[in-house]
Amino acid sequence: QVKLVESGGGSVQAGGSLRLSCAASGDTYSSSCMGWFRQAPGKEREGIAGIDYVDETTSAESVKGRFTISRDNAKNTLYLQMNSLKPEDTALYFCASRGQRCRGTHSLLRTEYYNYWGQGTQVTVSS
C-alpha cells in the first residue's frame, strides 16, 4: 500500500510559480513510477508529467518547458515545479503511483497506469 499526500497548491497571478510536493509513505520502494495529473471542472483528468525509476521523465505538450517533475528518494517526495503559470493551468492537481518499479515513459501520462492516488491540491491562476 502507498499513501500519497499533496501540498503546495494555492492562488497565483499569471506568470507566477508554484512548487507542488507529494509525500509518499507505506511501501515507498515500490513507488518508483510516479506522475502528476490535473483535473479542471467539467474536464477529464489529464496527465501532465511522469517519472520512472531511473528518473527518466516525460511531460505533456501543454506544460513542456514550463513544468518540471523531480523526486527526492531520501525524502520519499515527488515534486512539480510550475513556472510561467497561465489561467488555463487552474485545476485540482493529483500525484499518483503505480506501486511497482517500472522503466520507460510511454505510459506515464495515462490515468489507468496508476494504482494509488492522492487527494489533490488546488491551483488557481488569475489573469
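One-based numbering along the sequence shown. The model shown is predicted, which means the values in this text are computed figures rather than measured ones.
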K3 side chain to S25 backbone, donor-acceptor under 3.5 Å: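 Between the backbone of S25 and the side chain of K3 there is no qualifying donor-acceptor contact (under 3.5 Å).
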
Sub-4.5 Å side-chain heavy-atom contact between V123 and R38: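 No; the side chains remain at least 4.5 Å from each other.
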
Side-chain heavy atoms of V125 within contact of K86, under 4.5 Å: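 Not touching, per the 4.5 Å side-chain cut-off.
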
Could you state the interatomic distance from [atom1] ([X]) to [atom2] ([Y]), rounded to the nearest 0.5 Å?
{"X": "C33", "Y": "N115", "atom1": "SG", "atom2": "CG", "value": "11.0 Å"}
{"X": "S17", "Y": "R66", "atom1": "OG", "atom2": "CZ", "value": "10.5 Å"}
{"X": "S97", "Y": "Y113", "atom1": "OG", "atom2": "OH", "value": "10.5 Å"}

Co-membership, hydrophobic cluster, residues [X] and [Y], 4.5 Å side-chain:
{"X": "L80", "Y": "Y116", "result": "yes"}
{"X": "W36", "Y": "Y79", "result": "no"}
{"X": "L85", "Y": "I48", "result": "yes"}
{"X": "Y114", "Y": "L20", "result": "no"}
{"X": "L78", "Y": "L108", "result": "no"}

Between [options], which is the residue that forms a side chain to side chain contact (heavy atoms under 4.5 Å, CB included) with [X]?
{"X": "M34", "options": "L4, I69, D52", "answer": "L4"}
{"X": "R71", "options": "T57, D55, N76, T77", "answer": "D55"}
{"X": "L92", "options": "R45, Q122, E6", "answer": "Q122"}

F67/L18 under side-chain contact (heavy atoms from CB on, under 4.5 Å): CA gap, chis, key distance, verdict: CA-CA 10 Å; F67 292 10; L18 283 173; over 6 Å; no

Pairs meeting criterion salt bridge (Lys or Arg N to Asp or Glu O under 4.0 Å) with involvement of residues 105-123, two or more places apart: R110-E112

Atom NZ of K75: over 12 foreign heavy atoms under 6.0 Å: no

For the student: nearest non-hydrogen atoms of S126 and P87, plus distance: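 Minimum heavy-atom contact is C-CG, 4.5 Å.
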
Centroid-centroid under 6.0 Å between F37 and W117 rings: yes

Any side-chain donor near an acceptor of the partner, E46 and S62, under 3.5 Å: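 Judged by distance alone, the side chains do pair up.
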
